[in-house]
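For reference, positions follow the sequence shown, starting with 1. Just so you know, ligand 1 is whichever comes first in the structure, and atom 1 is the first atom listed for that ligand.
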Amino acid sequence: MIKALIFDLDDTLYYELEYVKSGFRAVSNYISARYDLSAKDFYNKLLTVLDEEGRGKTFDLTLAHFGLPGAEVERMVNIYRKHKPDNLRLYPDVERVFAGLKGNYKLGLITDGNFTVQWNKIKELGLNKLIEEIIVTDDYGVDRRKPSSFAYLKLLERFNVNPEEAVYIGDNPEKDFITARRLGMKTIRIIREKGMYIDKRLSPEYEADYEINFFSELEKALKSF
Ligand SMILES: [Mg+2]
């Protein structure tokens with residue numbers, strides 16, 4: 001019998017690109033106030049670079065494009081991480097389904113990434129009020145990021161459930177399911193219309209037991225276990 005549901009955050013409960021855009025707006029306002037450049041032009045270029053080059057060098061490449069000093073990157077990263085996202089919403093299907101889950105299951109969350117960023121997202125989305133046990137792995141060190149077993153084991157212990165009584169629900173086959181499966185937990189992959197990993201396919205041990213496209217299918221998935 002399933003007693004605990006443990007969720008991933010980014011691109012599982014909300015659309016991560018919305019957070020990225022909000023951060024880009026904050027960074028673009030800073031640049032526009034400092035240099036003779038419109039925030040809109042800088043913002044649009046950030047989005048183009050992200051789209052064409054992927055993550056990692058977005059700020060560097062955009063600064064270089066406008067001939068601005070590369071030394072601004074550090075400040076930009078700082079602004080990005082500390083900005084308060086103003087536009088974040090849970091996916092509507094998440095909001096609908098969560099109300100019914102509370103009380104019937106123990107609810108947990110495991111998320112990787114800079115801890116200031118992840119906690120800002122969690123608070124902006126109101127997840128700290130919906131989910132009883134939340135682990136931002138970076139609070140314990142970057143080596144505790146998924147697929148480390150650290151957070152999975154910690155939540156199983158806090159919930160006092162066996163692995164087979166718990167389900168991990170996430171979107172990224174590179175790191176969300178492999179350890180959960182190895183520990184004996186059930187796994188569900190959500191493949192939404194948009195998201196960074198929707199097209200990623202890996203070998204079976206990295207994939208989930210069950211796949212859904214919306215949280216409305218969660219109950220059916222849980223019954224299959
Ligand atoms: Mg994710």
Side-chain angles (χ1 to χ4, degrees), residues 4-24 50-51 54-56 58 80-81 85 87-95 97-98 101 107-128 130-131 133-152 154-155 166-183 185-203 205-218 221:
L5 306 181
I6 303 171
F7 298 90
D8 165 56
L9 175 61
D10 297 312
D11 282 346
T12 294
L13 300 183
Y14 82 103
Y15 185 33
E16 193 188 4
L17 188 61
E18 291 302 329
Y19 176 85
V20 174
K21 285 181 174 175
S22 158
F24 281 2
L50 178 71
D51 189 46
R55 291 183 167 196
T58 318
Y80 181 91
R81 286 183 175 166
N87 58 342
L88 290 199
R89 296 284 170 278
L90 291 173
Y91 275 120
D93 59 315
V94 171
E95 220 153 351
V97 167
F98 255 56
L101 297 176
L107 301 179
L109 184 125
I110 299 173
T111 179
D112 298 334
N114 176 274
F115 49 78
T116 307
V117 169
Q118 297 312 92
W119 280 113
N120 277 345
K121 292 171 180 171
I122 288 163
K123 283 174 198 151
E124 182 65 22
L125 291 166
L127 287 168
N128 45 331
L130 293 171
I131 296 183
E133 293 288 350
I134 294 175
I135 293 185
V136 175
T137 52
D138 278 25
D139 281 338
Y140 301 89
V142 288
D143 57 329
R144 297 313 191 13
R145 287 182 179 184
K146 296 175 279 185
S148 160
S149 62
F150 173 81
Y152 299 94
K154 207 163 183 68
L155 282 195
V167 185
Y168 193 75
I169 299 124
D171 70 300
N172 182 355
E174 278 174 12
K175 63 177 183 179
D176 281 339
F177 314 118
I178 176 103
T179 302
R181 294 187 70 162
R182 190 171 52 75
L183 294 172
M185 295 169 66
K186 310 288 187 208
T187 51
I188 298 174
R189 177 175 175 181
I190 180 142
I191 304 179
R192 295 187 178 278
E193 206 183 337
K194 301 177 287 187
M196 214 171 309
Y197 302 101
I198 52 172
D199 296 320
K200 180 138 267 179
R201 283 291 169 190
L202 298 177
S203 53
E205 71 269 27
Y206 283 92
E207 293 286 349
D209 303 313
Y210 202 102
E211 290 182 2
I212 59 174
N213 300 115
F214 298 97
F215 267 44
S216 49
E217 301 163 86
L218 200 54

Near the Mg ion (ligand 1), which protein N/O/S atoms are found at less than 2.8 Å? Asp8 OD2, Asp10 O, Asp171 OD1

Using the ring of each side chain (for Trp, its six-membered ring), is Tyr152 parallel, tilted or perpendicular to Tyr168, with breaks at 30° and 60°? perpendicular

Tell me, please, whether Tyr91 has Arg192 positioned over its six-membered ring: NZ or CZ under 6.0 Å from the ring centre and within 45 degrees of its axis? yes

Angle between ring planes, Tyr19 versus Tyr80, binned at 30° and 60°: parallel, tilted or perpendicular? perpendicular

Do Lys121's NZ or CZ and the ring of Tyr14 fall within the cation-pi criteria of under 6.0 Å and 45°? no

Please examine the side chains of Arg55 and Met196, heavy atoms only from C-beta on, and report whether any two atoms are closer than 4.5 Å. yes

Listed by chain and number, what are the side chain to side chain contact (heavy atoms under 4.5 Å, CB included) partners of Glu174, not counting sequence neighbours? Asn172, Tyr197, Lys200, Leu202

